[in-house]
2 protein chains.
Amino acid sequence: MARLSSADRRAVLVRAALRVIDRDGVYRATTRAIVAEAEMSLASFHYVFRSRDEMLGELFAFVVRREEEATLAALSSSVSIRQAVRSGLQAYFDLLAAHPEREQALQELIQYALRTPELAALPGAQYRRYVHSAQTMLEHGAELTGVRWAIPIEQLSGVLVAFTDGLTMSWLANRDDSAAAALMEFAADAIAAQSVPARSIPASDPPREQPQ
Amino acid sequence: MARLSSADRRAVLVRAALRVIDRDGVYRATTRAIVAEAEMSLASFHYVFRSRDEMLGELFAFVVRREEEATLAALSSSVSIRQAVRSGLQAYFDLLAAHPEREQALQELIQYALRTPELAALPGAQYRRYVHSAQTMLEHGAELTGVRWAIPIEQLSGVLVAFTDGLTMSWLANRDDSAAAALMEFAADAIAAQSVPARSIPASDPPREQPQ
DNA sequence: GATCGACTGGGTCAGGCGACCAAGACGTCT
DNA sequence: AGACGTCTTGGTCGCCTGACCCAGTCGATC
């Protein structure tokens, strides 16, 4: 094995671990399986990571970052807000359908983190990031299509995330593409129904805050 | 340990395993942990189950049956269909909030089954049962409150299940009760919006107009 | 009360696990 | 060239796992 800095080796191991988890599941991602995937010795693992859980914590952070970037890149220009929401959902679904093992791995990682005291706080933080990403997309979409939201944006973001979670769960369980499409249509309708035409140009509009 | 028939011992072990999984997770539900919980010897386990996976298959079937009974018992009499859907969601949420470890265990079991070739078909079947339960509730609720559904009932059932999945995921991750309530309000609105007044009583009655 | 099949449980096996150590290899700076 | 700190590695430790064996116990039946 070539000589690597600790930081580089950590990154290599995290990516190898992710491949093992995608393929075989969190449970089978043992230190030995990971170093075999990365083609390095077992001792190298514990040279750069104090423990397997420390590596999983870094892996979790990596996955969250990657997921966040992917969702934010899905902003498309659409004429109507319904179409914008619908194509945003489609972009997510395409990602899910192309890499189901990746989403499944993510679900397993969340479960694992919830069971591990040192990592138990991570899923909550990850969820807040998702909601925040959803909020950004909804705000951006509304701005681009000239509407504003009739209900608090935080609430609507939660709804959107719930829809994607439900979409993920159901599709992973039964792989029914048409049922998924129907769900996305429904979600786009339900969310777009909460939009009203923007009254004025945002800059000079006074009432910014909107209590519950 | 008292003498038990194989069938009884299997049932005792499945329930003990379920307690261990609720408390510690699927991963830590080893044969030794299970027999300790059930207060019997390790050999008794392999006397009635050929392997740990065989026991988990039986456990999965047990959980699905229990879950199904719980959801179907939640039918309440309401004046409006929106209220019926809302209270149905609330009944599910109360169950979730009272026994979060049970829902978490269920999610873990689904993940485990998906990773185990012999059990991989079970989550899909379980999901279809859920959708079927949701359909029964929606049909029953519509009948009780004098409405019919404007879109195919199969599609709407899928939406309802997706909402409960999304609700489960988000609440397990951040335990935010008010966000959950907001999501349920939204879901009740969105689903009730798909109802229209029933025009007639199906069986033999002549067509009769029934406003609202 | 003898027999026989069903049931019980202590003990053991090989294998996989996370973690660790001590010795060697390498690059770099003096 | 020599010395030093960083990196690499094979080997090993104690522990836990699922599975299994076999001697022993129990209770129904004859």
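Order of the sequence lines fixes the chain letters, A, B, ..., with proteins taken first and strands second; residue numbering starts at 1 for each chain.
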Mind calculating the distance between [atom1] ([X]) and [atom2] ([N]) to the nearest angstrom?
X	N	atom1	atom2	result
B:Met40	C:dG10	CE	C1'	16 Å
A:Arg10	D:dT8	CZ	C1'	17 Å
A:Phe49	C:dC17	CZ	C1'	18 Å
A:Glu54	C:dC20	CD	C1'	15 Å
B:Tyr27	D:dG18	OH	P	10 Å

Roughly how far, to the nearest 0.5 Å, is CG of A:Leu95 from NE2 of A:His99?
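Reported value, rounded in 0.5 Å steps: 6.5 Å.
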Distance check, rounded to the nearest 0.5 Å: B:Leu167 atom CG versus B:Phe93 atom CZ?
6.5 Å
Return no unless some side-chain N or O of [X] is found under 4.0 Å from OP1 or OP2 of [N].
X	N	result
A:Tyr47	D:dC7	yes
A:Arg9	D:dT8	yes
B:Thr30	D:dT17	yes

Side-chain donor-acceptor pairs of residues 15-27 of chain B under 3.5 Å, sequence neighbours excluded:
| residue | atom | partner | partner atom | Å |
| --- | --- | --- | --- | --- |
| B:Arg15 | NH1 | B:Ala11 | O | 3.3 |
| B:Arg19 | NE | B:Glu37 | OE2 | 2.6 |
| B:Arg19 | NH2 | B:Glu37 | OE2 | 3.4 |
| B:Arg23 | NH2 | B:Glu37 | OE1 | 2.4 |

Quick check on B:Glu54: does its CD atom have over 12 non-hydrogen neighbours (other residues, nucleotides or ligands) under 6.0 Å away?
yes
With A:Tyr112 via side-chain hydrogen bond (donor to acceptor under 3.5 Å, both in side chains) - residues at least two apart
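For A:Tyr112, the residues satisfying side-chain hydrogen bond (donor to acceptor under 3.5 Å, both in side chains) (neighbours in sequence not counted) are A:Arg52, A:Asp53.
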Every protein N/O lying under 3.5 Å from an N/O of nucleotides 19-24 of chain D:
| residue | atom | partner | partner atom | Å |
| --- | --- | --- | --- | --- |
| D:dA19 | OP2 | B:His46 | NE2 | 3.1 |
| D:dA19 | OP2 | B:Arg52 | N | 2.9 |

Return the orientation label for the A:Phe163 and B:Phe163 ring planes: parallel under 30°, perpendicular over 60°, tilted otherwise.
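Correct class here is tilted.
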